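What follows is a single structure, written as structure tokens, with notes after it.
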Amino acid sequence: MIVMSLDETRDFLDREFPQMNDGGRSYHLEAVGPLTARMRLDHHERFLRPGGTISGPAMMALADFALYAAILANVGPVALAVTTSLSFNFLRKPGTDGLIAECTLLKLGRRLAVGEVRVTTKGSDDLVCHATGTYSIPPRS
């Protein structure tokens, strides 16, 4: 069971991290569920690398943001939960229609959360990036 609804999680992210959409909204939280979240990144000039594809750093930010959203939805509004590790495998060149990040939390403990994120190009099931990450969750009162 989730603690924060999709709208509550979106509102929290917009309030606490407005810089993620500085210059126009590009990150869109589309769904949250028990131990899951789905986020979309629009294809935009500011995320491109030479060759016209979305850059590795943009995919890394998307995966980290999706992981954070999944944690928030499942533990509540904990602004100071922080990334402790991230690992990325870039598997193929992304398409030009934006990206979808599907996050699944593999472990959600009191102090640590571990998850994986599967990144695909919008409209395709082909994996372009696979990420795993760990977050430290501060004590909750």
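One is the number of the first residue; the rest follow in order along the sequence. Keep in mind it's a predicted model, so treat the numbers as computed, not measured.
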Notebook entry, point to check: With under 30° as parallel and over 60° as perpendicular, where do the rings of F90 and F88 fit, or are they tilted in between?
Noted result: parallel
Side-chain heavy atoms of [X] within contact of [Y], under 4.5 Å:
X    : Y    : value
T132 : E116 : yes
I54  : L99  : yes
L86  : M60  : no
R10  : D7   : yes
L41  : F47  : yes
N74  : M1   : no
E102 : T36  : no
I71  : V78  : no

To the nearest 0.5 Å, how far apart are [atom1] in [X] and [atom2] in [Y]?
X    : Y    : atom1 : atom2 : result
M39  : F65  : CE    : CZ    : 4.5 Å
L127 : N89  : CG    : CG    : 9.5 Å
L67  : L105 : CG    : CG    : 6.5 Å

Work out which heavy atom in [X] is nearest to a heavy atom in [Y]; give both atom names and the distance.
X    : Y    : result
A70  : C103 : CB-SG, 3.8 Å
M4   : G76  : SD-C, 3.4 Å
A63  : A131 : CB-CB, 4.0 Å
G51  : K93  : O-NZ, 4.5 Å
A113 : I137 : CB-CD1, 4.0 Å

Given side-chain contact (heavy atoms from CB on, under 4.5 Å), test D126 with T121 step by step and report yes or no. CA-CA 7 Å; D126 292 337; T121 300; over 6 Å; no
Please assess V128 against L91 for the test side-chain contact (heavy atoms from CB on, under 4.5 Å), listing each intermediate value before the final yes or no. CA-CA 5 Å; V128 297; L91 304 171; 5.9 Å; no
Are the aromatic rings of F17 and Y68 close, with centres under 6.0 Å apart? yes
Pair L48-H43, side-chain contact (heavy atoms from CB on, under 4.5 Å): steps then yes or no = CA-CA 8 Å; L48 301 184; H43 185 272; 3.3 Å; yes
| query | Taking atom CZ of R15 as the centre, does the number of heavy atoms from other residues, nucleotides or ligands within less than 6.0 Å exceed 12? | reply | yes
List the steps, then state whether side-chain contact (heavy atoms from CB on, under 4.5 Å) holds for T84 with Y135.
CA-CA 5 Å; T84 60; Y135 263 72; 5.9 Å; no
For a quick test of your reading: what N or O donor-acceptor pairs under 3.5 Å do the side chains of residues 20-34 make, sequence neighbours left out?
| from | atom 1 | to | atom 2 | distance (Å) |
| --- | --- | --- | --- | --- |
| N21 | OD1 | S26 | N | 2.8 |
| N21 | OD1 | Y27 | N | 3.0 |
| R25 | NH1 | D14 | OD1 | 3.3 |
| R25 | NH2 | D14 | OD1 | 3.1 |
| R25 | NH2 | D14 | OD2 | 3.1 |
| S26 | OG | R46 | NH2 | 2.6 |
| H28 | NE2 | D42 | OD2 | 2.7 |
| E30 | OE1 | R38 | NE | 3.0 |
| E30 | OE2 | R40 | NE | 2.7 |

